[in-house]
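Residue indices begin at 1 and follow the sequence shown. Bear in mind the structure is a predicted one, so any value in this text is a computation, not a measurement.
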Amino acid sequence: MPYLQRRYFMILKCFVCKLIEYKIISEDDRELYLYGLQLGLVTIQNVLITIILGVLFQNLISTIAFLIAYIPLRSYAGGYHATSSKKCFIYSLGLIFLIEIYFTHSLGVRDTVLLLGGAIYIIYKYAPLQSENKSLSYEETIRYADIVKKVLCLEVSVVIFFWIINVWSVVCGVSAAIIVVSILLIVGIILKSVKNLDS
């Protein structure tokens, strides 16, 4: 674990200890809060890096549109998740670079429509896809599927609206979010199939 991550982890542990000491949370919830805080820290770190890269690549509007669309859709759609926070960081960084390159050299209208159409179909058909890290009950699966469909409809409406008023940066950002979530679902499905074949 790199030095900075160890420092952050120690700070989080101290913070959770103080919460227990002041009886804000119980000792039984220590690991849950520690995990939640670590996850929150990783999310904030990834968002900040994404925004910084958006500024450096001069794609800030597309990048912000991507984040706004990606976070809720990814949260409920599921799909592939890295097995460790280090891998998650590396994969996320690579993904962000690819997205920024996509924004800089965006595809034409026809290719965007084709990719978006395929992505919408995949998300509608396969989401939510649970990972090994997060299993869902039957009730959660039904609820998440409903939320995914509502979020997807909203985001497609946003794409159509900004397409009509010719704000291509927002169209690219939201489209990229939908496409990336569908790719993570495909990867998750493939890995699940491979694992089932092996077992």
Side-chain angles (χ1 to χ4, degrees), residues 2-5 7-8 11-12 36-120 122-123 127 129 131 133 147-148 150-188:
Y3 175 75
L4 267 178
Q5 279 187 318
R7 294 280 293 173
Y8 286 141
I11 292 166
L12 292 178
L37 287 168
Q38 281 180 282
L39 199 62
L41 194 63
V42 169
T43 303
I44 291 166
Q45 171 187 277
N46 286 345
V47 167
L48 287 174
I49 290 170
T50 305
I51 289 169
I52 289 165
L53 287 173
V55 170
L56 292 175
F57 277 87
Q58 299 179 341
N59 296 320
L60 187 58
I61 294 170
S62 294
T63 303
I64 290 170
F66 171 82
L67 285 171
I68 292 169
Y70 178 78
I71 292 169
L73 193 58
R74 172 72 165 145
S75 299
Y76 290 101
Y80 173 74
H81 282 277
T83 51
S84 70
S85 58
K86 188 178 178 182
K87 283 183 182 176
C88 179
F89 176 73
I90 293 165
Y91 296 160
S92 296
L93 197 59
L95 182 65
I96 294 160
F97 268 107
L98 289 173
I99 289 161
E100 293 302 332
I101 291 164
Y102 164 76
F103 291 152
T104 306
H105 309 284
S106 63
L107 302 170
V109 173
R110 186 178 65 107
D111 292 333
T112 300
V113 168
L114 286 172
L115 279 173
L116 194 57
I120 291 164
I122 289 162
I123 294 169
L129 184 70
S131 70
N133 304 345
I147 293 169
V148 167
K150 285 175 182 171
V151 170
L152 190 58
C153 283
L154 177 64
E155 291 182 4
V156 170
S157 302
V158 168
V159 168
I160 292 166
F161 174 76
F162 281 97
W163 202 320
I164 289 166
I165 65 169
N166 203 25
V167 182
W168 192 247
S169 55
V170 175
V171 172
C172 277
V174 178
S175 297
I178 295 169
I179 293 163
V180 167
V181 169
S182 73
I183 291 167
L184 293 171
L185 281 168
I186 292 168
V187 172

Can you name the side chain to side chain contact (heavy atoms under 4.5 Å, CB included) partners of [X], sequence neighbours left out?
| X | result |
| --- | --- |
| L48 | I44 |
| L154 | none |
| Y91 | Y80, A82, K87 |
| A127 | A77, I123, V148, L185 |

- Query: Pairs in or reaching into residues 157-176: which pass side-chain hydrogen bond (donor to acceptor under 3.5 Å, both in side chains), with residues at least two apart or in two chains?
  - Reply: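 Of all non-adjacent pairs touching residues 157-176, those that pass side-chain hydrogen bond (donor to acceptor under 3.5 Å, both in side chains) are S106-W168.
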- Apply the test side-chain contact (heavy atoms from CB on, under 4.5 Å) to residues L41 and L37: give CA-CA distance (whole Å), side-chain angles for both, the deciding distance (0.1 Å), then the verdict. CA-CA 6 Å; L41 194 63; L37 287 168; over 6 Å; no
Show the nearest heavy-atom pair for residues [X] and [Y], with the distance to one decimal.
| X | Y | value |
| --- | --- | --- |
| G54 | T63 | CA-OG1, 3.3 Å |
| V171 | V159 | CG2-O, 3.7 Å |
| L129 | G188 | CD2-C, 3.7 Å |

Kindly write out the residues that satisfy side chain to side chain donor-acceptor pair (under 3.5 Å) with [X], not counting sequence neighbours, or none if the list is empty.
| X | value |
| --- | --- |
| Y76 | none |
| S182 | none |
| T104 | N59 |

To the closest 0.5 Å, what do you measure between [atom1] ([X]) and [atom2] ([Y])?
| X | Y | atom1 | atom2 | answer |
| --- | --- | --- | --- | --- |
| L60 | E100 | CG | CD | 9.0 Å |
| L184 | L95 | CG | CG | 6.5 Å |
| I99 | I179 | CD1 | CD1 | 10.0 Å |

- Where at least one partner belongs to residues 152-175, residue pairs that pass salt bridge (Lys or Arg N to Asp or Glu O under 4.0 Å), sequence neighbours excluded: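 Residue pairs passing salt bridge (Lys or Arg N to Asp or Glu O under 4.0 Å), neighbours aside: none found.
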- Message: Under the criterion side-chain contact (heavy atoms from CB on, under 4.5 Å), I'd like the reasoning laid out for V181 against L152: C-alpha separation, chi angles, the key distance, then a yes or no.
- Response: CA-CA 11 Å; V181 169; L152 190 58; over 6 Å; no
- What residues form a ring-ring contact (aromatic ring centres under 6.0 Å, His included) with F162, not counting sequence neighbours?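 Expected list: none.
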- Message: Restricting to ring-ring contact (aromatic ring centres under 6.0 Å, His included), what partner residues turn up for F103, sequence neighbours left out?
- Response: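 Listed in chain order: nothing, the list is empty.
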- Steps toward side-chain contact (heavy atoms from CB on, under 4.5 Å) verdict (L67, I51): CA-CA 9 Å; L67 285 171; I51 289 169; 3.8 Å; yes
- Over 12 non-hydrogen atoms of neighbours within 6.0 angstrom of CD1 in I61: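 Not buried by this count: 12 neighbours or fewer within 6.0 Å.
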Pairs of donor and acceptor atoms involving the side chains of residues 111-118, under 3.5 Å and at least two apart or interchain, shall be tabulated with distances.
| residue | atom | partner | partner atom | Å |
| --- | --- | --- | --- | --- |
| T112 | OG1 | G108 | O | 2.9 |

